[in-house]
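What follows is a set of notes on a single structure, which appears directly below.
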There are 2 protein chains.
Amino acid sequence: MRPNSPETSPESKPQTRKRPTITDVARAAGVSIAVVSYALNGRPGVSPATRDRVLRIADEYGWRPSAAARSLRTSERSIALALIHSESSTSRSGHFMDFLAGLQHTLEKHEHSLWLKVVADEEQAATMYHTGWLERRFDAVIVRDVIHDDPRLAVVSREHIPAVVVGHPQISSPHISVWVDEPHAIGQAVDLLCDLGHRTVGFLHSDPTRDTVSRTTQAARVSAARHGARLLTHVTRTPEDSAAAARALLTGTQRPTALVTDTDDTALITLDVARRLSLNVPWDLSLICLGSSAQATLATPSLTSIDVPFTALGEHVGHALMDLLSAGSSSNITVPLPPVSVRGTIAPPRNSDT
Amino acid sequence: MRPNSPETSPESKPQTRKRPTITDVARAAGVSIAVVSYALNGRPGVSPATRDRVLRIADEYGWRPSAAARSLRTSERSIALALIHSESSTSRSGHFMDFLAGLQHTLEKHEHSLWLKVVADEEQAATMYHTGWLERRFDAVIVRDVIHDDPRLAVVSREHIPAVVVGHPQISSPHISVWVDEPHAIGQAVDLLCDLGHRTVGFLHSDPTRDTVSRTTQAARVSAARHGARLLTHVTRTPEDSAAAARALLTGTQRPTALVTDTDDTALITLDVARRLSLNVPWDLSLICLGSSAQATLATPSLTSIDVPFTALGEHVGHALMDLLSAGSSSNITVPLPPVSVRGTIAPPRNSDT
DNA sequence: CTGTTAGCGCTTTCAA
DNA sequence: TTGAAAGCGCTAACAG
C-alpha cells in the first residue's frame with residue numbers, strides 16, 4: 001500500500017475534492033471500466049439493462065469523464081481564437097460577442113469547443129497560437145481583423161496550423177478565407193448617395209491597420225467616379241481622429257453633402273460633430289455606415305446603415321472550420337451583405353438642382 | 001511490432017501532423033524522458049550541459065509538452081468564466097473586455113489560465129459550470145452580474161465549486177465577494193448634484209435583473225433625503241425603455257434638473273433625449289453616470305462620470321481567486337471607486353436661488 | 001546526475 | 001455482451 005493512500009470509506013461524503021473516476025462508477029455498477037466507457041459514449045455492445053444501470057449510477061455519482069484524460073486518447077477538437085484587446089479595438093467588441101455567439105453555436109453542434117484568450121496585440125496572439133499549437137491545445141485557429149504583415153498569419157503558415165482567415169481571399173493566401181464584401185457594400189452606399197443627387201461624398205475609414213482599407217477606399221472611389229462625383233477620403237486611427245477628420249471635412253471648402261463611414265461608431269461620432277456644427281442630418285448631411293442594426297437604431301436620427309451580420313459571420317467561420325478539419329480543405333466563402341437599410345440619415349442634398 | 005506502426009524515418013519532414021513527443025526529444029538527445037521532463041520544468045538534478053542540450057533539441061524539434069497529457073498528472077489550474085451574451089448585455093461588453101484583460105493578466109502571473117465560454121443566459125452558464133466542473137476543466141469559477149435567484153450561485157453552492165462572486169457580500173453568501181461599491185458612488189453623485197443646488201434629481205437604472213438595483217436606488221434616496229431633495233426613479237430594461245423613461249422624466253410636471261444613470265450607455269441615451277427636447281446640457285439638465293472614462297469622454301459634452309476601474313476589478317478578482325485556491329479561503333474585498341470625474345455635463349440648476 | 005517505472009483517467013482493441 | 005489490458009504523453013518517485 002502506498003503511503004498517504006487516501007482513506008476511502010465508500011460512505012463518507014467527499015467533503016473536500018474527491019471527484020469519482022470511471023473506476024468508481026464501474027465498481028459501483030459491478031462492471032468493468034470498459035463497459036462504463038461504452039455505455040457513456042453510446043457505443044454498441046452493451047445490453048440496454050447494463051447501459052441504463054451504468055448511466056444511472058454515473059449520474060448518481062455525478063460522474064463525467066475527465067476532459068484531460070479523455071482528450072489524451074481522443075484529441076478533443078477545439079478551435080483557438082485570440083481576442084485582441086487594444087484600446088482601439090474596444091469599440092468593436094460589442095459586435096465581437098455576436099460573432100462569438102454565432103461561432104460557438106456552430107462549433108458546439110459539431111462537438112468542438114472554443115479556446116479563447118485575451119491578448120494585447122497581434123504579436124501576442126501569434127505567440128499564443130504558436131505555443132498553444134505545440135501544446136496541442138487546439139486543432140485550428142481563427143484569424144480575424146488581419147493587419148498588414150500580420151504575425152499571426154506568419155506562424156500559422158510556418159507551423160502549418162489549419163486556419164480560417166476572416167478577410168479577403170488574397171490576403172488569406174494559402175489559408176481559407178471567409179470574407180465580408182465590405183468594398184462592395186461601401187460602393188453600394190456611395191451609389192445610393194450619388195443616385196440621390198450627392199456630388200461630393202466623404203468616406204471615413206477608422207482603422208488604417210485593417211486590410212480592407214485600400215479595397216474599400218478604392219470601391220468608394222470607383223463608385224463615385226462612375227457617377228461623376230467627387231470623393232473625399234480620410235483614414236483615421238482613434239475616435240478623436242475621426243471626430244477631427246469629420247470636422248475638417250464638414251468645415252472644408254468642398255464640404256461633402258454625404259458621408260460614408262466604415263463603422264457605426266464613427267458614424268455616431270460624425271453625427272455628433274455635425275450637430276455641433278449645426279448641420280441638420282439628413283438635410284444638410286447624409287450619412288451611411290457599415291455596422292450593426294442594434295447600434296444604428298439607437299441613434300437619433302437612426303442611422304442608415306449596411307448591417308453586417310456578425311452572428312452569421314461567426315456561423316460561416318464555424319462551418320468553414322468544420323469543413324477544413326474534416327475534409328482537410330474547404331473553399332473560400334463570401335458572406336453576403338444585405339442592401340442598405342434606409343433609416344433616418346439620408347436625403348437628397350439641399351441644392352440637388354445641379 | 002505493432003501493426004500500422006508509423007514509418008518514422010527521422011529525416012522525413014513531418015509533412016502532415018506528427019508533432020513530436022517527449023520520447024522523440026529524449027531519443028534525439030540521447031537521454032531518458034525523465035531527464036527531458038526535468039530539464040523542461042527546471043527541476044534540479046540535471047547537469048547544466050545536459051539541460052542545455054535537451055532544451056536546445058526540444059526547441060529544434062519545436063516540442064512543448066502536450067497540455068492534455070501534462071494536466072492529467074498535474075491538474076492544470078484554470079478558472080472558468082461564462083460570458084453571458086443576451087441582447088441586453090451587449091452594451092456592457094465593451095467594459096467586459098477591460099475586465100477580462102485585467103483578470104487574465106493576474107491569472108497568468110500565477111500560471112493559471114482562463115476558460116471562457118459564451119452562453120445565452122445564466123441558466124446555461126450554470127449548467128456549463130456544472131458539467132465543466134465534473135469534467136475537471138477548471139478549479140474555480142467567477143460569477144459576475146448576479147441576478148435574483150441566480151442559478152449559477154445554486155450549482156456553485158451545491159457542487160462546492162470554489163467561486164468568486166462579483167457583487168455585494170450579502171448576495172455572495174458563502175462565497176467570497178469582490179464588490180464595487182456602486183451604491184456609495186451613486187450616493188456621492190446625488191450629493192454632488194444636491195450641493196450644486198439641484199432639488200429634483202432623477203435616477204435611471206437600466207437593468208432590473210442586477211442585484212444592485214435596490215441598493216443603489218436606496219443609496220440615491222438616502223442621499224437626496226439628506227439634502228431635502230426629491231428623487232425620481234426609473235428602472236428600465238432596454239435602451240428603448242431608458243429613452244422612454246428619460247423622456248417621461250424630462251417632460252413630466254416635476255422635471256428633474258439633474259439625472260444620475262447607472263451606465264454610460266444610458267447617459268448617452270439620455271443626452272440624446274435631452275437634445276431632442278431642446279434641453280441644453282448642462283444648463284437645463286445635469287448628468288452624472290457610472291461608467292468608463294473611455295465612453296464618457298467621447299460624448300458631447302463629455303460625460304461627468306464615476307469611472308469604474310474595470311481592469312482593476314479584473315485584477316482584484318484574479319487575486320481573490322488565487323488566494324482562494326492557495327489558502328483555501330480568502331477575504332471579501334471592496335474595490336474602491338474614484339470620486340466623480342467632473343466633465344461637461346454638470347452645472348448648478350438654472351434657478352438655483354431657491 | 002540519470003534511467004526505470006508506476007501511474008493520471010480514459011478509450012479501444014482483442015479475447016473470453 | 002463483457003472484461004483484461006495496452007497505451008495516450010507526461011510527471012515524479014525511486015533506483016542506480
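Fair warning: this is a prediction, and the values are worked out from it, not measured in the lab. By convention in this document, chain letters (A, B, ...) are assigned in the order of the sequence lines, proteins followed by strands, and residues within each chain are numbered from 1.
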Rounded off to whole Å, could you give me the [atom1]-to-[atom2] distance for the [X] and [N] pair?
X	N	atom1	atom2	value
A/R137	D/dG9	CZ	C1'	14 Å
A/I22	D/dA4	CD1	C1'	14 Å
B/L134	C/dC10	CG	C1'	16 Å
A/R27	D/dA4	CZ	C1'	17 Å
A/L72	C/dC8	CG	P	13 Å
A/R53	D/dT2	CZ	P	8 Å
A/R51	D/dT1	CZ	P	9 Å
B/R64	D/dT11	CZ	C1'	15 Å

Checklist entry - For A/D52, what residues pass the side chain to side chain contact (heavy atoms under 4.5 Å, CB included) criterion, not counting sequence neighbours? => result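 Per chain and number, A/D52 pairs via side chain to side chain contact (heavy atoms under 4.5 Å, CB included) with no residue.
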
Next on the checklist: Checking side chain to side chain contact (heavy atoms under 4.5 Å, CB included) between B/R144 and each of B/V317, B/V166, B/V164, B/L83, which is the one that passes?
Outcome noted: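 Among B/V317, B/V166, B/V164, B/L83, the one that satisfies the side chain to side chain contact (heavy atoms under 4.5 Å, CB included) with B/R144 is B/V166.
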
Item to check | 5′-ward residue of the pair A/R70/B/S47 relative to DNA chain C | outcome: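 Here B/S47 is the residue nearer the 5' end.
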
Next on the checklist: Among residues at least two apart in sequence or on other chains, which ones pass side-chain hydrogen bond (donor to acceptor under 3.5 Å, both in side chains) with A/T74?
Outcome noted: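 With sequence neighbours excluded, A/T74 shows a side-chain hydrogen bond (donor to acceptor under 3.5 Å, both in side chains) to no residue whatsoever.
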
Next on the checklist: Please enumerate all residues that pass side-chain hydrogen bond (donor to acceptor under 3.5 Å, both in side chains) together with A/R64, with sequence neighbours excluded.
Outcome noted: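 Scan of A/R64 (side-chain hydrogen bond (donor to acceptor under 3.5 Å, both in side chains), adjacent residues dropped) gives B/E135.
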
Item to check | ring-ring contact (aromatic ring centres under 6.0 Å, His included) partners of B/Y129, counting only residues at least two apart | outcome: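 Listed in chain order: nothing, the list is empty.
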
Checklist entry - Which residues pass the ring-ring contact (aromatic ring centres under 6.0 Å, His included) test with A/W63, sequence neighbours left out? => result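 Checked A/W63 against ring-ring contact (aromatic ring centres under 6.0 Å, His included); zero matches.
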
Checklist entry - How far does the helix from C/dC1-D/dG16 to C/dA16-D/dT1 bend, going by the axes of its first and last five pairs, to the nearest 10°? => result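 Overall, the helix from C/dC1-D/dG16 to C/dA16-D/dT1 bends by 40° from one end axis to the other.
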
Checklist entry - Would one find a side-chain N or O of A/R43 under 4.0 angstrom from OP1 or OP2 of C/dT12? => result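 Answer is yes, contact under 4.0 Å.
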
Checklist entry - What nucleotide, of D/dC10, C/dG9, D/dA12, holds the atom closest to the side chain of B/T74? => result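 It is D/dA12.
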
Checklist entry - Taking only residues two or more places apart in sequence, or in another chain, which ones meet B/E60 in a salt bridge (charged side-chain N to carboxylate O under 4.0 Å, His left out)? => result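 For B/E60 the salt bridge (charged side-chain N to carboxylate O under 4.0 Å, His left out) partners, ignoring immediate neighbours, are B/R56.
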
Next on the checklist: Using a 4.0 Å heavy-atom cut-off, does B/S71 contact any base of the nucleic acid, only the sugar-phosphate backbone, or nothing at all?
Outcome noted: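 If one applies the 4.0 Å heavy-atom cut-off, B/S71 turns out to touch nothing in the nucleic acid.
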
Item to check | Close approaches to DNA chain C from residues 29-41 of chain A, in residue order (heavy atom, under 4.0 Å) | outcome: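 Only A/I33, A/A34, A/S37, A/Y38, A/N41 qualify.
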
Checklist entry - Is it true that a side-chain atom of B/D150 and a backbone atom of B/R152 form a donor plus acceptor pair closer than 3.5 Å? => result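 Yes.
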
Could you list the donor-acceptor pairs under 3.5 angstrom formed between side-chain atoms of residues 108-119 of chain A and any protein atom two or more places apart in sequence or on another chain?
none

Checklist entry - Between the base of C/dG9 and the side chain of A/R73, is there any donor-acceptor pair under 3.5 Å? => result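 It does not, because no donor-acceptor pair links the side chain of A/R73 to the base of C/dG9 below 3.5 Å.
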
